[in-house]
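Accompanying notes for the structure given below.
For the single chain, residues carry numbers from 1 onward in sequence order.
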Amino acid sequence: MIKVLHLKMYLLILFLFPVISFSQGTITGTVTDGVNNLPLGGTNVIVKGTKTGTNADFDGNFSINVDSFPVTLVFSSLGFETLEKKVNSAGAVNVTLQESATALDEIVISGLASNIKRTNAANSVASISAEDLAGVTPPQTLDGALAGKFTGALVTSNSGSPGGGLSVKLRGVTSINGNSQPLYIIDGVYIDNSSIASGGLNAVSGASSGGSSSSQDNATNRIADINPDDIANIEILKGASASAIYGSRGAAGVIIITTKKGKAGKTNVNFSQSVGFNEVINLQGQRKWTAALAESEFGEGALYTAAENAGTLRDYEKEIFGEKGFITNTNVSMSGGSDKTTFYGGITRNQEDGIVNRTGYDKTSFRLNVDHKFSDNIKLSMVSNYINSSADRGFFNNDNTGTTIGVALTSTRPWDFLLPDANGNYPDHPNNSSNPLQTRDLMTNNETTKRFITGGSLDINLYRGDKSDLQFVAKAGSDHYTLSSTVIFPKELQFMAVDGGLNGVSAISSTTNTNANYSAFLVHNYTTDSDINFTTQAGVTNEQFSQNVVRVISSDLIASETNVDQSANQTVSQFRLEQEDFGFFVQESVNYQDKLIATLGIRGDKSTNNGDNNELFYYPKASLAANLHNFGFWGDNDAINRLKPRIAYGEAGTFAAFGSLFTIYGSTAIDGNVGIVVPTIRGNAALSPERQSELEFGFDAGFLNDKISLEFTYYKKQVENLLLNANIEPSTGFGTEWANAGTLENRGVEIGINVNAFDSNDFTWNSGVTWYKNTSEMTKLNVPTFNLGGFGNSLGQFQIEEGKSVTQIVGTTGPGTPVTVLGDAEPDFQMSFTNNLAYKDFTLSFLWHWKKGGDNINLTKLLSDFGGTSADFDDFNVDPDGLIRNGDYRINNGLFAGNASPFVEDASYLRLREIGLYYSIPSGSLEKWFSGVVSNVKIGLSGNNLINIFDYNSYDPEVSNFGGNGLSTGVEVTPFPSSKRYMFHLSAQF
């Protein structure tokens with residue numbers, strides 16, 4: 001009996017042994033990416049439903065032990081779709097991860113030291129990937145690449161000059177006299193985006209008599225230095241509910257840029273080359289000249305006939321703006337590393353000739369980013385970027401001396417002979433004080449920038465437990481540049497030699513700017529047994545800003561010298577800024593099973609730019625989002641697979657303009673004795689920062705398994721304590737004083753729809769539409785109504801008036817008439833339409849941008865009327881009665897009659913912002929040709945602004961004589977015209 005029992009037990013063991021043996025084991029394999037078919041190091045591999053997991057090494061290999069089969073392995077890597085793979089037995093399992101087709105798994109900023117999944121975010125945060133930014137066509141500048149790519153922004157090109165010059169306004173006007181441009185953060189480093197004009201231009205143009213010289217001298221934005229090819233992702237915090245974490249610098253919004261980093265695995269070398277050309281978008285054309293017209297207008301019919309017979313009639317607009325500038329962009333990058341250290345390095349050379357001879361932009365950028373893991377608990381990241389750029393920008397925009405190229409062109413007729421003789425001597429302009437060809441060919445306006453940006457972050461896991469962990473995060477960064485400007489007007493220029501001329505001008509400007517920022521945070525995560533996650537962060541910040549601008553302007557040059565010391569007259573000016581900010585930030589986030597996500601935080605700031613250096617200003621934030629689809633209310637219904645209502649509130653600030661808190665005295669010299677001059681504006685130490693509070697709410701939804709996604713946001717933003725110039729009692733000895741004296745409000749709607757229209761093996765089509773609108777109102781004004789940003793009521797200007805739009809344009813309409821509203825610079829709405837189509841190895845992408853409404857003050861046409869050269873001078877479509885020629889009406893019934901209405905024009909446009917067609921050579925062909933040495937070869941054609949549809953009566957509706965500061969974008973005075981670009985591309989990976 002016992003023998004029989006032992007035999008049965010032995011047979012049972014033999015039967016169960018295979019089951020026991022194969023119910024546990026090791027799974028090995030390799031993870032590759034579906035784009036480049038390269039190892040995807042660092043991929044997370046987890047046994048679903050457990051905490052058992054591992055990471056793939058730098059060759060993409062992984063090994064994981066499991067206790068029983070079957071199991072489901074979950075593979076995940078940032079930027080790729082999560083993959084679940086069922087495994088029935090031990091052995092090799094190789095998987096390929098595809099790039100994420102949607103933005104739902106993206107990580108967005110939620111605090112100064114924390115992130116959150118986009119699916120859980122309660123704020124409307126726009127994201128732009130590297131492919132969206134520069135994948136269709138290479139942008140001229142980083143800020144220019146943002147136009148039309150997300151809701152809630154008005155991006156305006158201030159000048160078509162090489163090197164850029166743009167204005168970016170997020171969700172309307174946020175300040176009248178303070179900063180209106182967003183804060184830029186690159187890899188945690190505070191980036192300076194000052195617009196610093198070259199010294200010396202205004203000494204010749206005299207533009208300051210009509211406004212600020214610094215804003216009318218065609219300055220660039222320093223964000224143009226940043227190389228778009230280095231960027232991996234951009235996040236735009238449009239409203240105070242998101243930007244409150246940046247306190248007194250976040251009111252105009254924050255643009256957070258993350259640059260590319262290396263991945264563990266094989267070292268990859270990427271090469272791309274783009275070549276092309278640019279040309280002017282729109283020329284005005286010539287007046288329909290005849291000998292009779294030349295005689296009746298100028299008494300020069302015989303000169304016209306003589307030039308016609310000699311074949312010397314010339315279209316000088318084409319002569320000036322008709323260049324096809326050569327463009328070349330070269331980029332070489334290398335990335336890779338081990339499971340401990342990864343790196344990304346790149347060098348880019350961008351060269352672009354302008355559409356005007358002797359203008360152009362040349363930039364070289366070097367980048368090295370390194371990440372190193374000392375252990376599983378300590379990680380150090382370092383970023384560095386060196387930029388060397390040179391821009392030749394010509395001489396354009398407003399002037400009161402008839403000397404800029406644009407203004408001189410408005411008085412140039414086709415029979416005027418302005419070309420140099422065989423010895424290079426230029427004739428004087430017979431109808432103007434300036435020969436624009438001579439000015440173009442002999443003057444110099446160059447600015448050179450040498451910039452070094454570096455930053456680092458240290459992440460230390462102080463504690464890791466089953467339910468909680470504590471992390472220490474330290475960040476530091478520096479942005480230092482030297483901007484050198486050289487302006488030379490040789491004495492042989494026509495306007496230098498005439499009576500009262502300056503007999504030659506030479507000017508140099510040197511700007512040294514250094515930003516430094518430091519921060520340290522503790523971040524604690526705790527998860528309860530009921531799967532409620534608490535994320536607590538607290539820390540301190542310190543920012544230091546220093547800028548020194550020195551300008552030396554000399555006139556009456558000796559002989560042919562151009563040194564500033566070789567002159568009879570020299571003037572020197574200097575501007576210095578020193579500021580230090582200190583702040584703290586505390587935030588608590590609660591996530592209940594990805595169903596309810598709530599955040600509460602506060603930022604406190606103090607600054608040397610406040611009247612009381614130790615006074616703290618507090619900026620709170622709060623938000624709530626509910627992922628209703630995670631509650632299971634409607635089961636597995638794919639018709640509505642995602643629905644997230646959200647609401648957020650936040651406050652942010654804008655510092656008082658540097659210098660407004662104290663009185664700036666001038667200097668004088670009388671009989672050799674130096675003294676002090678009292679200014680008309682008195683400083684006010686009691687000023688508070690402008691404070692913005694914003695409430696936004698909306699929802700995100702997905703339909704048909706996210707084939708259709710929808711985002712809707714409504715916001716209401718109020719800006720209090722506006723910094724305005726207020727009149728004070730003359731008995732004080734001053735005329736005005738800076739004061740917190742107003743409140744404005746912005747309200748807006750943002751809608752985004754994305755559709756995955758087709759998704760098959762051979763053909764995919766993704767399409768998106770965005771629509772957004774902003775309306776502003778001056779809700780409170782404690783000073784009298786005032787004007788700014790124009791040239792008087794007879795030409796049109798902006799007026800700040802309680803109860804009215806902040807961007808209204810006003811003017812008179814005739815002799816003795818009251819000032820009335822003639823237009824508004826705010827668009828009625830903006831809309832973008834994007835499409836990405838792929839058929840086998842071909843891809844086609846394009847972006848249409850429609851700006852409906854929004855008015856400009858067009859004074860270029862008036863100047864060409866005075867010169868008698870307007871292309872539409874003899875038409876009759878401006879006079880409401882159709883009886884007076886356009887040119888005569890704009891002069892006599894417009895300017896001279898005090899009627900500004902002819903100069904305020906609708907600046908609507910429909911524009912093909914980008915288009916690109918590419919072909920990827922099949923991998924099989926590359927393997928056959930190059931034996932695996934070369935991969936991912938792509939060729940293509942692309943363009944910017946190729947189609948432009950507008951009725952605006954000038955070169956381009958996107959223009960601003962006053963630069964990107966304040967309200968006054970959209971005032972046009974003979975600008976450098978914008979251009980369209982045609983490009984050919986070749987890229988490869990080694």
Side-chain angles (χ1 to χ4, degrees), residues 123-124 151-154 167-182 237-244 248 250-254 617 619-623 647-656 688-698 712-726 739-751 771-789 798-810 821 823-830 853-855 966-970:
N123 304 100
S124 176
T151 60
L154 178 60
S167 165
V168 178
K169 290 185 174 69
L170 302 179
R171 290 185 173 176
V173 173
T174 53
S175 182
I176 293 175
N177 291 304
N179 176 52
S180 60
Q181 299 297 298
L237 311 184
K238 293 176 285 188
S241 56
S243 63
S248 296
V254 184
F617 293 90
Y619 302 99
K621 60 173 290 188
S623 64
I647 186 170
Y649 174 83
E651 298 182 8
T654 298
F655 280 115
S688 298
E690 294 179 342
R691 175 176 292 273
Q692 176 191 132
S693 59
E694 181 181 73
L695 175 67
E696 77 165 50
F697 57 86
F712 173 87
T713 301
Y714 172 83
Y715 63 86
K716 183 177 181 180
K717 175 167 62 178
Q718 183 168 278
V719 184
E720 300 175 318
N721 295 332
L722 282 173
L723 297 166
L724 304 174
N725 213 353
N740 296 116
T743 301
L744 67 82
E745 184 177 275
N746 286 282
R747 302 177 301 277
V749 173
E750 301 169 356
I751 301 173
W771 186 94
Y772 43 106
K773 175 183 177 61
N774 182 81
T775 302
S776 67
E777 181 184 350
M778 196 73 194
T779 56
K780 181 180 180 182
L781 188 62
N782 296 334
V783 299
T785 297
F786 63 94
N787 301 318
L788 76 167
F798 293 88
Q799 181 167 287
I800 304 303
E801 181 181 2
E802 186 170 304
K804 298 295 182 65
S805 169
V806 182
T807 52
Q808 67 174 349
I809 299 172
V810 303
V821 177
D824 197 307
E826 187 78 59
D828 297 337
F829 65 81
Q830 292 189 78
D855 297 303
L967 300 178
S968 46
T969 54

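One N or O on the side chain of Gln808 and one on the backbone of Gln799 form a donor-acceptor pair closer than 3.5 Å. Side-chain N or O atoms of Glu802 include one that pairs as donor or acceptor with a backbone N or O of Leu781 at under 3.5 Å. Under a 3.5 Å cut-off, the side chain of Asn774 and the backbone N or O of Gly152 do not form any donor-acceptor pair. Looking only at distances, no side-chain donor or acceptor of Asn746 sits under 3.5 Å from a matching main-chain atom of Gly172. Put simply, the side chain of Ser243 never gets that close to the backbone of Gly253: no donor and acceptor are under 3.5 Å apart.
Shortest non-hydrogen contact noted between Tyr619 and Ala244 is CB-O, 4.3 Å. Of all heavy-atom pairs spanning Asp855 and Gly823, the tightest one is OD2-CA, 3.2 Å. Pairing each heavy atom of Gln692 with each of Thr174, the nearest pair is NE2-CG2, 3.8 Å. Here the shortest heavy-atom pairing between Ser124 and Glu750 reads OG-OE1, 3.7 Å. Closest approach of Pro689 to Phe655, counting heavy atoms only: CB-CA, 4.4 Å. Ser175 and Leu722 make their closest contact through CA-CD2, 4.4 Å (heavy atoms, listed as atom of the first residue, atom of the second, distance).
With rounding to the nearest 0.5 angstrom, the OH atom of Tyr714 is 8.5 Å from the CG atom of Leu695. Remark: Ile800 CD1 to Thr785 OG1 distance equals 9.0 Å, nearest 0.5 Å. Atom NZ of Lys804 is separated from atom OG1 of Thr779 by 14.5 Å, given to the nearest 0.5 angstrom. If you take CD on Gln830 and CH2 on Trp771, they are separated by 11.0 Å, rounding to the nearest 0.5 Å. Once rounded to the nearest 0.5 Å, the distance linking OG of Ser805 with CE of Met778 reads 11.0 Å. Note that CD of Glu690 and CG of Leu723 are 4.0 Å apart. Values are rounded to the nearest 0.5 Å.
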Go through it in stages, so that I can follow the logic: the residues are Arg747 and Glu777, the test is salt bridge (Lys or Arg N to Asp or Glu O under 4.0 Å), and I'd like the CA-CA distance, side-chain angles, deciding distance and then a yes or no. CA-CA 9 Å; Arg747 302 177 301 277; Glu777 181 184 350; 3.8 Å; yes

Using side chain to side chain contact (heavy atoms under 4.5 Å, CB included), reason through Phe712 and Val749 one step at a time and then give a plain yes or no. CA-CA 8 Å; Phe712 173 87; Val749 173; 3.6 Å; yes

The test is side chain to side chain contact (heavy atoms under 4.5 Å, CB included); show your working for Val810 and Glu801 and say whether it passes. CA-CA 11 Å; Val810 303; Glu801 181 181 2; 5.5 Å; no

Kindly determine whether Glu696 and Asn123 satisfy side chain to side chain contact (heavy atoms under 4.5 Å, CB included), including the steps that lead there. CA-CA 8 Å; Glu696 77 165 50; Asn123 304 100; 4.2 Å; yes

Are Ser776 and Leu744 close enough, and set up right, to give a side chain to side chain contact (heavy atoms under 4.5 Å, CB included), and what steps lead you there? CA-CA 7 Å; Ser776 67; Leu744 67 82; 5.7 Å; no

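Looking only at side-chain heavy atoms (C-beta outward), Lys238 and Thr151 come within less than 4.5 Å of each other. At least one side-chain heavy atom of Phe798 sits less than 4.5 Å from a side-chain heavy atom of Ile809. Residues Leu724 and Phe786 meet the side-chain proximity criterion, which asks for heavy atoms closer than 4.5 Å.
Lys621 and Ser623 share no donor-acceptor pair across their side chains, judged by distance under 3.5 Å alone.
Remark: Glu651 engages Arg691 in a salt bridge (Lys or Arg N to Asp or Glu O under 4.0 Å) (not counting sequence neighbours). Partners of Lys716 according to the salt bridge (Lys or Arg N to Asp or Glu O under 4.0 Å) rule, which considers only residues two or more places apart in sequence or in another chain, are Glu745.
Using a 4.0 Å cut-off between charged nitrogen and carboxylate oxygen, Arg171 and Glu694 count as a salt-bridge pair.
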